[in-house]
A.B. asks: 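One structure is given below, represented as structure tokens, and several questions about it will come after.
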Amino acid sequence: MSFTPVGTEACPSRWRAGLGRLTAGAALLTAVALLPWLSGNDPALTVLRARSADQDPAPEQLAAVREQLGLDEGPFVHLAHWLGGLPRGDAGTSWVSGEAVLPQVSGAFAVSFTLMLGALVVTIAVAALVSARTLYLGSRRRLHRGRAAIGVAVLAALPKFLLASLLATVCGVWLGWLPSSGWEGPPSLVLPALALGVPSGAMIGGLLDQSLPAAFNEPWARTWHAYGFAPGRVARHALRRTLAGVLPQLLPTVVGLVGGAVAVEKIFNIPGLGRLALDSAIAQDLPPLQTTTLALILLGVVAGLLIQALRRALLGPALRDGALPALHAPALARGRLTRWAAAACALALLTLVTAGLLRDPLHVDTAARLLPPSAANPLGTDALGRDLLARLGHGALRTVGVALVVTAVCTLTGLMLGMAAQVGAGLTEVVSTMPAVLAGLLTTAVTGPSAWGAALAVCLVGWTPYAAQAAALLEQERASGHMLASVSFGAGPGYLLRYHLLPAVLPSVLRNALLRLPTTVLVLASLGFLGLGEQPPTAEWGRLLSENQPYVELAPWTVLGPACALVLLSVLALSGTGAVAARRPAYALTSGGRGAYQEGGIRAGRTEPESVA
């Protein structure tokens, strides 16, 4: 690895990033085109059943479908024909319905894009509420303790499809405030936007809340406070400084909702792009599936370019000139509430798992269906009369174990691709908008429905938040003053990687991974909810949520146990982020000391030197 100041190879970097986007997009479209052939099923049989639900079609019918669709020509000929029609505005016709694909995809894209904008508004509002305390205290030099952030953990751990079911039942059916189904105008946007935006806002707000103390610890913030600058002005510049590192998380977290909100779209009966992609993939209807995938790829690329431009505008010329101050998080005291909450959650989770392991998770008693919690069944029973506590306990090891493995693989992959940012940027933009459901269908076509097939699907798309974060942090670190100082003293690539780049990236990425651990469980649960993950009768938390979701209104305790277990896991993970502290080496400089190269805050696109009293 060689050190090159930011901005000196802008044109080659753009070409390499463009090549990465093109390669990733072509690979994804090719994989989608191969889906019917990868599954091992006869595409003609699948399409015919999607058309008429004929369970035993005659050979003549199958031959007619093959001849009509040209299936004997193979996937690559179909892909070439489809690509050739795009410049003429022709995306083909649906194999199932026979309708033109482009109007169908355009309508679904408009619905999903509107839903994404609504979810983005909710995400920003929730993130602002989560980080408001740190922003207020830090701008007034009164930030001395870290926060427990238990509420953040609870909100971030809420399953989107479970929250959607609760909102539809309570606000839509019981209270009648808002529509619980369909897409008939702005009122239909509110509930699904809340279901998607609240957990995402807690995630983004948690990352922002972790980054703000380092901005308030910079010399410019201390100097401005000493000179009596208004707290609001200090808060704005600290927010500007930290937003640059958090913005890349919007791409996989929020923009990915366009194609990844399949479960929520199904619950609210929204004709969105994710639902269209799922239905097309299940029916192996290639023209709409390929067009949907292309729309998601273009959206990811455009959104990635916009976020990158906004980041560079926030950081200003300091990023280009190698004069960016390094962020050093202060050592904030952790309150007793954090330690007590972590201990209580660990004890509660251990008690639940231990008690569940002593019971039989597979015993079926149809006479005890949907029983409420009691002394005999502390968490109640499910629709088959099985003990929910037993299923929760026996599913803990499988659920947490798979989630830990997936998180570790995704984190390592994201780090490696983030360090190869010139090519990895395009790959990240393309993959970040790929629905986990589509990845699940591709892997299920090869491996069949299973826990490890779902884990492989999440690994294919779950590395994007870490790659985006690592690339952003590395870009800022390479533009910092102490990097230039180390290079001027003769530091080699190995030294820079070990003592500068990795210490600047690893703590933040690890905190992000711990914060996203419950989210990984939820993505696996979403695949199970759609029948692409763990299959019955296996006890797994995601499976418990998915199979009991239809009974939320009648028997809410059926989902209360696994949902509470996810919340406990989230609180434990979030308390673990406080133990991952950023450790940076002390740099011994000759003349001028550290202040000779660490400038003050960023304002109006330039750096303001620190004043010395």
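All figures in this text were calculated on a predicted structure; none of them were measured in a lab. For the numbers below, each heavy atom of this structure counts, side chains included, while hydrogens, waters and symmetry mates do not.
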A.B. asks: Locate the shortest heavy-atom distance separating Gly205 from Ser131; write the atom from each residue and the value.
C.D. replies: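 Reported closest heavy-atom pair: O-CB, 4.4 Å.
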
A.B. asks: Report the C-alpha distance between Glu477 and Val505 in whole Å, list the side-chain angles of each, state the deciding distance to 0.1 Å, and finish with yes or no for side-chain contact (heavy atoms from CB on, under 4.5 Å).
C.D. replies: CA-CA 9 Å; Glu477 185 68 13; Val505 173; 5.9 Å; no

A.B. asks: Could you pull out all residues at least two apart from Leu456 that satisfy side chain to side chain contact (heavy atoms under 4.5 Å, CB included)?
C.D. replies: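 Per chain and number, Leu456 pairs via side chain to side chain contact (heavy atoms under 4.5 Å, CB included) with Thr443.
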
A.B. asks: How far apart are the closest heavy atoms of Val431 and Val461, and which atoms are they?
C.D. replies: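 Taking Val431 first and Val461 second, the nearest heavy atoms are CG1-CA, 3.9 Å.
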
A.B. asks: So, do Leu314 and Leu247 sit near enough that their side-chain heavy atoms are less than 4.5 Å apart?
C.D. replies: yes

A.B. asks: Is there side-chain contact between Leu417 and Tyr466, with at least one heavy-atom pair below 4.5 Å?
C.D. replies: no

A.B. asks: Tell me the salt bridge (Lys or Arg N to Asp or Glu O under 4.0 Å) pairs involving residues 424-443, sequence neighbours left out?
C.D. replies: Arg21-Glu429

A.B. asks: Flag the pair Leu29 / Ile297 as yes when at least one side-chain heavy-atom distance between them is below 4.5 Å, and no otherwise.
C.D. replies: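 When only atoms from C-beta onward are counted, Ile297 and Leu29 do touch, with a gap below 4.5 Å.
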
A.B. asks: Just jot down the side-chain hydrogen bond (donor to acceptor under 3.5 Å, both in side chains) partners of Gln469, sequence neighbours excluded, or say none.
C.D. replies: Asn512

A.B. asks: Give the intermediate values and the outcome of side-chain contact (heavy atoms from CB on, under 4.5 Å) for residues Leu349 and Cys345.
C.D. replies: CA-CA 6 Å; Leu349 196 57; Cys345 289; over 6 Å; no

A.B. asks: Is the shortest heavy-atom distance from the side chain of Leu137 to the side chain of Phe216 under 4.5 Å?
C.D. replies: no

A.B. asks: Which atom pair, heavy atoms only, marks the closest approach of Gln249 to Pro465?
C.D. replies: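 Here Gln249 and Pro465 meet closest at NE2-O, 2.9 Å.
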
A.B. asks: Do Leu143 and Pro213 come within less than 4.5 Å of each other through their side chains, counting heavy atoms only?
C.D. replies: yes

A.B. asks: Report all side-chain donor-acceptor pairs from residues 195-203 shorter than 3.5 Å, counting only partners two or more places apart or in another chain.
C.D. replies:
from   : atom 1 : to     : atom 2 : distance (Å)
Ser200 : OG     : Leu196 : O      : 3.0

A.B. asks: How are the rings of Trp220 and His237 set to each other: parallel, tilted or perpendicular (split at 30° and 60°)?
C.D. replies: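 If you compare the ring of Trp220 with that of His237, the planes turn out perpendicular.
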
A.B. asks: Would the distance check show the side chain of Thr242 and the main-chain N or O of Leu239 forming a donor-acceptor pair, the cut-off being under 3.5 Å?
C.D. replies: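 Yes, the answer is positive, given that a donor and an acceptor are paired below the 3.5 Å cut-off.
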
A.B. asks: Residues two or more places apart in sequence or in another chain: which of them pass side chain to side chain contact (heavy atoms under 4.5 Å, CB included) with Thr292?
C.D. replies: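 Side chain to side chain contact (heavy atoms under 4.5 Å, CB included) list for Thr292, sorted by chain: Val105, Leu273, Leu276, Ala277, Leu296.
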
A.B. asks: Determine yes or no for a side-chain-to-main-chain donor-acceptor pair under 3.5 angstrom, with Arg142 supplying the side chain and Gly138 the backbone.
C.D. replies: no

A.B. asks: With rounding to the nearest 0.5 angstrom, report the CG to CG distance, Leu517 to Leu572.
C.D. replies: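 If we round to the nearest 0.5 Å, Leu517:CG and Leu572:CG are 10.0 Å apart.
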
A.B. asks: State which residues pass side chain to side chain contact (heavy atoms under 4.5 Å, CB included) with Thr23; sequence neighbours excluded, sorted by chain then number.
C.D. replies: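 Only Leu19 meet the side chain to side chain contact (heavy atoms under 4.5 Å, CB included) criterion with Thr23.
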
A.B. asks: So, Arg222 side chain and Asn217 main chain: donor-acceptor pair closer than 3.5 Å or not?
C.D. replies: yes

A.B. asks: In Å, rounded to the nearest 0.5 Å, how long is the span from CH2 of Trp463 to CG of Leu412?
C.D. replies: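 Spacing of CH2 (Trp463) from CG (Leu412) equals 13.0 Å.
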
A.B. asks: Excluding sequence neighbours, so at least two apart, what forms side chain to side chain contact (heavy atoms under 4.5 Å, CB included) with Ala31?
C.D. replies: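 Checked Ala31 against side chain to side chain contact (heavy atoms under 4.5 Å, CB included); matches are Leu442.
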
A.B. asks: Within a strict 4.5 Å, meaning less than it, do heavy atoms of the Val234 and His225 side chains meet?
C.D. replies: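 Side-chain contact under 4.5 Å: no.
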
A.B. asks: Is it the case that the side chain of Arg311 and the backbone of Ala244 share a donor-acceptor pair, with hydrogens and angles ignored and the cut-off at 3.5 Å?
C.D. replies: yes

